[in-house]
Amino acid sequence: MGKRGRDEVIGHLFEVVEDLPCPEGIVLLRAFAERRPSDFAFLKSSDLADSKSSAFTGITEWDAFTDHYVCCGLCHA
């Protein structure tokens, strides 16, 4: 996806200098956005920094994304 391959749904969560998550991470984050749009609307970039203490913990789609995001070398390259 390269530097900020602007994704309207996801791009606002990442700083301009950061890469978006890897393709798998984007799919997981998009699944959260599509299945839980009202929850996703409240998501902030700070929730990614400390995902385990996030108010979204316990939501299946969010947990799947954060489990991937914290362990993926491409998402944290």
Side-chain angles (χ1 to χ4, degrees):
M1 267 241 153
K3 290 269 186 218
R4 291 297 279 182
R6 297 278 179 188
D7 184 310
E8 294 297 319
V9 175
I10 296 168
H12 76 280
L13 296 172
F14 299 89
E15 297 293 327
V16 174
V17 296
E18 292 180 13
D19 284 330
L20 291 172
C22 75
E24 182 179 354
I26 289 174
V27 167
L28 293 167
L29 191 55
R30 191 173 288 130
F32 174 57
E34 291 173 357
R35 292 185 188 125
R36 306 291 296 247
S38 57
D39 291 321
F40 185 83
F42 290 100
L43 188 64
K44 298 177 190 156
S45 58
S46 59
D47 292 312
L48 297 171
D50 195 9
S51 58
K52 292 302 176 189
S53 67
S54 169
F56 305 109
T57 299
I59 296 173
T60 303
E61 294 81 9
W62 176 251
D63 291 343
F65 169 73
T66 58
D67 288 348
H68 168 81
Y69 187 76
V70 299
C71 295
C72 178
L74 295 175
C75 287
H76 283 100

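Because the structure is a prediction, the values reported are computed rather than measured.
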Minimum heavy-atom distance C22-C75, with the two atoms named: N-SG, 3.4 Å
Check: L43 and F32 side chains under 4.5 Å, non-hydrogen atoms: yes
Approximate separation, where rounding is to 0.5 Å, of D63 CG and H68 NE2: 14.5 Å
Spacing of CZ belonging to R36 relative to CD belonging to E61, to within rounding of 0.5 Å: 6.5 Å
Separation between CD of E24 and CG of L74, rounded to the nearest 0.5 Å: 9.5 Å
Sole candidate of F40, F42, Y69, F56 that passes ring-ring contact (aromatic ring centres under 6.0 Å, His included) when paired with W62: F56
Approximate separation, where rounding is to 0.5 Å, of I26 CD1 and F65 CZ: 9.0 Å
